[in-house]
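Just below is one structure, and these are the notes that go with it.
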Amino acid sequence: QVQLVESGGGLVQAGGSLRLSCAASGRTFSSYAMGWFRQAPGKEREFVASISRSSLKTLHADSLKGRFTISRDNAKNTVYLQMDSLKPEDTAVYYCAADSSGSYYATPRATYEYAWWGQGTQVTVSS
């Protein structure tokens with residue numbers, strides 16, 4: 001069992017940056033691959049990025065490469081999502097998720113691969 005709490009969302013102008021954080025409590029954080037997803041109104045939840053247990057591997061959605069970067073600090077039990085050059089279409093609720101079922105280097109990208117989810121944090125990008 002792991003509890004996840006996102007923070008860092010808010011309102012930002014287009015072209016700006018935000019860094020989201022997701023703090024985990026419960027079992028050993030390094031046991032989990034971590035992911036970020038987002039869901040805009042009326043749309044399905046979509047994959048943003050994931051990072052392996054060891055941080056050695058990351059995976060980013062092709063459409064977001066170069067603007068979004070996932071990282072983690074296992075000593076702080078926290079995963080981050082750095083978002084740069086934000087666009088109005090990035091407006092969504094952003095969720096972090098944890099998966100303990102995959103291999104050491106796994107970077108899962110499907111929602112069904114994640115067993116634990118945070119409550120989400122709203123990101124709004126104004127034009």
Side-chain angles (χ1 to χ4, degrees):
Q1 188 79 14
V2 63
Q3 293 78 44
L4 304 172
V5 179
E6 302 97 335
S7 61
L11 175 64
V12 63
Q13 287 189 328
S17 297
L18 282 175
R19 188 175 81 155
L20 304 183
S21 299
C22 174
S25 60
R27 285 180 55 191
T28 306
F29 181 66
S30 58
S31 300
Y32 302 96
M34 300 297 296
W36 285 99
F37 291 77
R38 68 184 185 182
Q39 188 166 19
K43 295 188 176 181
E44 292 188 354
R45 192 167 298 191
E46 66 171 345
F47 172 75
V48 173
S50 59
I51 187 166
S52 65
R53 301 178 187 185
S54 63
S55 303
L56 292 178
K57 287 198 169 184
T58 61
L59 181 67
H60 295 81
D62 287 344
S63 62
L64 301 176
K65 282 181 181 177
R67 295 196 300 121
F68 287 20
T69 305
I70 190 171
S71 62
R72 69 189 292 166
D73 185 339
N74 285 349
K76 295 183 178 180
N77 289 0
T78 303
V79 62
Y80 304 98
L81 184 68
Q82 178 67 40
M83 306 186 295
D84 299 318
S85 302
L86 283 161
K87 304 175 181 180
E89 51 264 42
D90 295 320
T91 295
V93 177
Y94 284 71
Y95 299 90
C96 71
D99 165 46
S100 64
S101 62
S103 68
Y104 188 69
Y105 297 105
T107 50
R109 66 178 299 153
T111 56
Y112 68 81
E113 296 182 272
Y114 290 88
W116 297 279
W117 293 82
Q119 83 290 347
T121 185
Q122 176 71 46
V123 171
T124 303
V125 184
S126 63
S127 57

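Starting from 1, each residue takes its place in the sequence as its number.
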message = Quick check: closest heavy atoms across L56 and S52, and the distance to 0.1 Å?
response = N-OG, 3.3 Å
task = Verify the distance criterion only: is there a donor paired with an acceptor across the side chains of D84 and S17 at less than 3.5 Å?
result = yes
task = Verify the cluster assignment for L4 and I51: are they in a single hydrophobic cluster under the rule of side-chain heavy atoms below 4.5 Å apart?
result = yes
task = For the residue pair Q3 and S25, confirm or rule out a side-chain donor-acceptor distance under 3.5 Å.
result = yes
message = Tell me whether L59 shares a hydrophobic cluster with L81, the cluster being built from Ile, Leu, Val, Met, Phe, Trp, Tyr side chains joined at under 4.5 Å.
response = no
request  = Without swapping roles, check the side chain of R53 against the backbone of F29 for a donor-acceptor pair under 3.5 Å.
outcome  = no
note = OH (Y104) and OG (S54) are apart, to the nearest 0.5 Å, by 4.5 Å
message = Do I70 and Q82 have side chains that approach each other closer than 4.5 Å (heavy atoms only, starting at C-beta)?
response = no
request  = Give a yes or no on whether V48 and L86 share a hydrophobic cluster (residues Ile, Leu, Val, Met, Phe, Trp, Tyr; joining criterion: side-chain heavy atoms under 4.5 Å apart).
outcome  = yes
request  = For residues 95-127, pull every pair meeting disulfide (SG to SG under 2.5 Å), keeping only residues two or more places apart or in separate chains.
outcome  = C22-C96
Closest heavy-atom pair and its distance - Y114, S50 = OH-CB, 3.3 Å
query = Can you check side-chain contact (heavy atoms from CB on, under 4.5 Å) on L18 and V123, steps first, answer last?
reply = CA-CA 9 Å; L18 282 175; V123 171; 3.9 Å; yes
query = Under 4.5 Å between side-chain heavy atoms, hopping through other hydrophobics if needed: is there a path connecting V93 to F47?
reply = yes
ask   = Just by distance, do the side chain of N74 and the backbone of S55 share a donor-acceptor pair under 3.5 Å?
value = no
message = Closer than 3.5 angstrom, by distance alone: can the side chain of T78 be matched with the main-chain N or O of K76 as a donor-acceptor pair?
response = yes
query = If two hydrophobic side chains count as joined below 4.5 Å and joins carry through other members, does V125 share a cluster with L20?
reply = yes
inquiry  = Tell me the closest heavy-atom pair linking D99 and E113, and the distance in Å.
reply    = OD1-O, 2.9 Å
Pair up each side-chain donor or acceptor in residues 31-42 with any protein partner under 3.5 Å, not counting sequence neighbours, and list the distances.
{"unit_1": "S31", "atom_1": "OG", "unit_2": "T28", "atom_2": "O", "d": "3.3"}
{"unit_1": "W36", "atom_1": "NE1", "unit_2": "Y80", "atom_2": "O", "d": "3.3"}
{"unit_1": "R38", "atom_1": "NE", "unit_2": "E46", "atom_2": "OE2", "d": "2.5"}
{"unit_1": "R38", "atom_1": "NH1", "unit_2": "D90", "atom_2": "OD1", "d": "2.9"}
{"unit_1": "R38", "atom_1": "NH1", "unit_2": "Y94", "atom_2": "OH", "d": "2.9"}
{"unit_1": "R38", "atom_1": "NH2", "unit_2": "E46", "atom_2": "OE2", "d": "3.1"}
{"unit_1": "Q39", "atom_1": "OE1", "unit_2": "R45", "atom_2": "NE", "d": "3.3"}
{"unit_1": "Q39", "atom_1": "OE1", "unit_2": "R45", "atom_2": "NH2", "d": "3.3"}
{"unit_1": "Q39", "atom_1": "NE2", "unit_2": "K43", "atom_2": "O", "d": "3.1"}

ask   = Would you say T58 and T107 make side-chain contact, with heavy atoms under 4.5 Å?
value = no
note = Between the CZ atom in R19 and the OG atom in S7, the distance rounded to the nearest 0.5 Å is 9.0 Å
